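Here is how names work: the chains are called A, B, and so on, in the same order as the sequence lines, proteins then strands, and each is numbered from 1. Keep in mind the model is a prediction, meaning the values are calculated, not measured.
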Amino acid sequence: MDAGRRISYILSDKTSKQKKTKNISYIEFERNNEQNIMVSLSGHILGADFPEEFKDWVKSDLDKLIDSNIIYKVTNQRAYSALKSFSGIDNIIIATDYDREGELIGVEALKFIEPGYTNIRRAKFSALTSQEVKDAFDNLLDVNYGLADSAKAREEIDLLWGAVLTRFFSVTSNRLWKDFISVGRVQTPTLALIVEREEEITSFVPEKYFVINVTFNKGIDFQGVYEKNIKDEDEANKIFNAINGNDGIVKSYKNEKKEVYKPPPFSTTDFLREASRIGVTPSNAMKIAEKLYMSGLISYPRTDNTVYQRSIPLKSIAKKFEGTEFDNEAKMVLGQEKIYPSRGKVETTDHPPIYPVSYPKKALTGAYKNIYELIVRRFLATLYKNAVIEKSDADIDIKGYNFKSSGEKIIDNGWFDIYKYRKLREYKLPELVIGETVKGKKWNMEEKYTEPPKRYDVASLLKLMESLNLGTKSTRHDIIQKLNDRNFATGNPLRPTPLGIGFIKSITTIDSDIAKPDMTAELEKEMDKIAENQKKLDDVVNDSRNMLHSALKGFRGNKEEIKETITSYANKGDSIGTCPLDGGEISLIKFRNFSKIKCSTEGCKINFNLNATGLVQMTDKRCDVCSLPIIKIIRKGQSPEYRCVDPNCEYNRKKLSIGKCPSDGGDLIIRQSRYGKRFLGCSNYPKCTVTYPLPQKGVIMPTGEICRYCGAPLLIMVNGKRKWKFCPNMKCEYNRKDKVEKSESENK
DNA sequence: GCAAGGTC
């Protein structure tokens, strides 16, 4: 159930009714003997844009674009027509999310309701619980126009900087249309983080160091590690020779009980990180969470909040899991004398943390089951007790050198019994007495190397973006996806592409905030001033326009360098091997919709387009037809594909051929239609127009057999575990007769 | 065609 339906359902004591005419959908309900209409908005209704005259990227003057007025276009037609359709309204209550963007969405809606009334109020609730919603509508507030303006400033400044710099970098590097260079307040600093990390890794010089450790024994074996890592080999040898073969004397020993705190309630970022620990990617986890929310199983999944509001009936929710597979866990939680939920650092007023709302009537399966279970276990864990461990630490001396030993013993497993994704580990250390001698058993010196920092994976990047305040709970994973789609970064862990590196190098030629998280921080300050009526929307946007003029001036001064940097990096591509013809370097240069394979030697034949997704490698093999090299394309979960590097070579056509055309004997080839659907077509097109439709999913293989009814080649289809033979001619009798005969004979 | 922010 969406938010609008839930609110009206609560306010009307479950008597609300959904109404739908041709274009308009709304909800009617009665409350306190008054008729109400509820219109669900679902996001912004208006979007900022520039006037038509600035349509052409190459011809538009960017300084004029900066000073242009910003127009607003309807982007949510459904909400717009619903709002437009009513008249004779006495009161308006805005009940959007209680945050900056929510306030703006509400104010956008006011624009489209018949004017002429004065009574506009605002409902403030932070969870869609019965109590909160009813209280909110009994205690209405005023609309906060300043808050809405602060969001509008954000929107206009993002459009101005984004559009102006996107156009500047795209036009300057001559990468237009699908290959444009996208610049934005959130995406560009995020890409810069990925590029900076890659540079740290490539410039990293490993350093050698030595670790000395000793296995001691007192009843049981335990480890002591020399207190320092030693860089100097001579010093390491000196220490090792001194301690080797000797016993130790206990210099200090202490042990104390420590609590291991239970985790805070789930925010979106924490949820996505934990989901990726159990093997579900953030975008998948988000999709699943949205579906669970829509089916009423969990609360709203987009939230920064990590503190349960008082209105959430924690105990009665925990009760819902009695008698389910979480029976034990629920009873553990409910068996406590009092329940003290954990609290995180962030507390917001728009939504509760993510928690389960109900137990599914129909059992969930696959990733849905795992994600739901994660949310349930997290919820119950936040209501249970902290774990307790006994931590012991000792200093042990051998010949004047200090070794550290430590141990951890579980006293009470606490919440770890519920949240099975984490485990407490025990490290044994016997009880020691200061001054006693412990026997040495093994003495060891190890040579190690310092390691470069790790690349960010999607989970750690989400966390970092959150701490730098880049993006919001709803947009962060989209931004990472965008960097992927725009050919700036790839894979997980994320690496920048040559284009990504070249672009960041070129944008950091001048010291502009657009590549740093600072721009968001500054914007936040200005937005707060607007919200508190200390500054006006237009003044803030105009200040930003002036900063943009001067940033643009700076970039213009480096135009040649920017062009050179981006093109040289983008054209360098990734090296995928050496050229078997002349020993040159073969590069794969990626564009948004295709790639180029090119040899570094001037005049070399190898300079072809490549239409393929997946990892491309050179092989030593040569094509039988044209003797150019064969390339290998690797895709996840599929056997590798081999192709001649020349896309027009006969070798590739034969390989793709799935049989002969019954009309003229040409090759039937799997092709893609304009709309992305695959079909079989004759290689003699346009002379021969024979085509056959194909199933859109699964692997299609030739059989070499010919259909005895229509002469088309018979094919085998493999989709998951199922596998069947068919004739691509849908009307052919083969599919009715021969297929039936076969399955009957299998039944015998 | 541009951004980032909402969201069935």
Side-chain angles (χ1 to χ4, degrees), chain A residues 1-6 18 25 40-52 54-60 62 65-66 68 70 72-79 96-109 148 150-171 175-191 268 286-287 289-296 300-303 350-351 465 469-483 485-486 514 519-520 523-524 527 541 544 548 592:
Chain A
M1 197 190 308
D2 66 31
R5 272 160 73 189
R6 177 143 182 91
Q18 178 97 31
S25 145
S40 291
L41 301 177
S42 70
H44 286 278
I45 310 164
L46 293 172
D49 206 345
F50 291 110
E52 198 59 6
F54 294 104
K55 229 173 83 182
D56 191 312
W57 285 24
V58 180
K59 285 182 190 148
S60 298
L62 291 181
L65 186 67
I66 296 174
S68 158
I70 290 172
Y72 280 87
K73 288 182 176 163
V74 173
T75 54
N76 181 346
Q77 205 61 45
R78 197 194 45 76
T96 48
D97 286 355
Y98 198 68
D99 60 13
R100 201 155 57 203
E101 297 293 334
E103 204 73 12
L104 176 58
I105 293 169
V107 171
E108 286 171 12
S150 73
K152 214 171 163 192
R154 197 265 320 136
E155 189 177 16
E156 299 195 345
I157 289 169
D158 279 343
L159 174 66
L160 283 164
W161 284 77
V164 168
L165 294 181
T166 294
R167 287 178 183 209
F168 175 79
F169 278 85
S170 300
V171 173
R175 294 179 70 97
L176 295 166
W177 301 103
K178 282 184 167 151
D179 294 313
F180 78 93
I181 292 192
S182 179
V183 186
R185 172 180 57 86
V186 179
Q187 56 167 296
T188 305
T190 306
L191 175 59
T268 304
M286 208 57 222
K287 269 184 214 148
E290 270 157 18
K291 290 219 169 112
L292 293 175
Y293 164 66
M294 294 312 285
S295 22
Y300 190 69
R302 286 183 274 261
T303 177
D350 49 351
H351 298 288
M465 288 174 78
N469 202 9
L470 287 172
T472 72
K473 64 217 176 206
S474 318
T475 58
R476 279 180 209 119
H477 65 274
D478 287 343
I479 296 276
I480 298 175
Q481 186 60 46
K482 256 185 201 166
L483 295 178
D485 295 344
R486 290 180 176 167
I514 187 72
M519 177 152 178
T520 298
L523 179 61
E524 287 284 339
M527 282 194 289
V541 174
S544 189
L548 180 53
R592 200 162 306 175

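Along DNA chain B, the nucleotide nearest Leu470(A) and the nucleotide nearest Val164(A) are compared for position; the residue whose nucleotide lies closer to the 5' end is Val164(A). If you find the closest nucleotide of DNA chain B to Asp99(A) and to Leu176(A), the one lying nearer the 5' end belongs to Leu176(A).
When the side-chain nitrogen and oxygen atoms of Arg476(A) are compared with OP1 and OP2 of dG5(B), none of them lie within a distance under 4.0 Å. Contact annotation: Arg175(A) does not reach the phosphate of dG1(B) (side-chain N/O to OP1 or OP2, under 4.0 Å). When the side-chain nitrogen and oxygen atoms of Thr475(A) are compared with OP1 and OP2 of dG5(B), one or more of them lie within a distance under 4.0 Å. In terms of phosphate contacts, Thr75(A) brings no side-chain nitrogen or oxygen within less than 4.0 Å of OP1 or OP2 of dG6(B). The phosphate of dT7(B) has OP1 or OP2 within less than 4.0 Å of a side-chain N or O from Tyr300(A). Proximity of Arg302(A) to the phosphate of dG6(B): no side-chain N or O atom is located under 4.0 Å from OP1 or OP2. For dG1(B), neither phosphate oxygen OP1 nor OP2 lies less than 4.0 angstrom from any side-chain nitrogen or oxygen of Thr166(A). For the pair Ser42(A) and dC8(B), the criterion of a side-chain N or O lying under 4.0 Å from OP1 or OP2 is not met.
The CD1 atom of Ile480(A) sits 13 Å away from the P atom of dA4(B) (whole-angstrom rounding). Distance CD (Glu101(A)) to C1' (dA3(B)): 12 Å, rounded to an integer number of Å. The NZ atom of Lys473(A) sits 12 Å away from the C1' atom of dT7(B) (whole-angstrom rounding). Whole-Å rounding puts the Arg100(A) CZ to dG6(B) P distance at 9 Å. In this structure, the CG atom of Leu548(A) is 13 Å from the C1' atom of dC2(B), given to the nearest Å. Taking atom CG of residue Leu165(A) and atom C1' of nucleotide dA4(B), one finds them 15 Å apart after rounding to whole Å. Atoms CD1 (Ile70(A)) and C1' (dG5(B)) sit 15 Å apart, rounded to a whole Å. Note: NZ (Lys59(A)) to P (dG1(B)) measures 16 Å, nearest angstrom.
Ranking dC8(B), dC2(B), dT7(B) by closeness to the Ser474(A) side chain, first place goes to dT7(B). Considering only side-chain atoms of Arg167(A), the nucleotide from dG5(B), dA4(B), dC2(B) that sits closest is dC2(B). Closest approach to the Asp97(A) side chain among dG5(B), dT7(B), dA3(B) is made by dT7(B) (side chain taken as heavy atoms from C-beta onward).
Interatomic distance, CG of Asp97(A) versus NE2 of His351(A), reported as 3.0 Å (0.5 Å rounding). The CG atom of Leu65(A) sits 8.0 Å away from atom CG of Leu159(A), with the distance rounded to the nearest 0.5 Å. Between the CE atom of Met286(A) and the CZ atom of Arg476(A) there is a distance of 11.0 Å, given to the nearest 0.5 Å.
Here Arg185(A) lies in heavy-atom contact (under 4.0 Å) with sugar-phosphate atoms only. Residue Gln187(A) is classed as a sugar-phosphate contact, given heavy-atom separations below 4.0 Å to backbone atoms only. As judged by a 4.0 angstrom heavy-atom cut-off over every strand, Leu160(A) is placed among residues making no nucleic acid contact. Looking at heavy-atom distances under 4.0 Å, Ala151(A) makes no contact with the nucleic acid at all. Counting non-hydrogen atoms under 4.0 angstrom, Val183(A) reaches the backbone sugars and phosphates but no base. Looking at heavy-atom distances under 4.0 Å, Gly47(A) makes no contact with the nucleic acid at all.
The pair Arg486(A)-Asp179(A) does not count as a salt bridge, with every side-chain nitrogen at least 4.0 angstrom from each carboxylate oxygen.
Not a single donor-acceptor contact under 3.5 angstrom links the side-chain atoms of Trp177(A) to the base of dG1(B).
For Trp57(A) and dG1(B), the ring-to-base geometry satisfies the stacking test (centroid distance below 5.5 Å, interplanar angle below 30°).
For the residue pair Arg78(A) / Ser25(A), no side-chain donor-acceptor distance below 3.5 Å is found, with atom types taken as modelled. For His44(A) and Asn76(A), the side-chain atoms include no donor-acceptor pair closer than 3.5 Å.
Partner Glu101(A) forms a salt bridge (charged side-chain N to carboxylate O under 4.0 Å, His left out) with one of Lys152(A), Lys473(A), Arg154(A) and no other, that one being Arg154(A).
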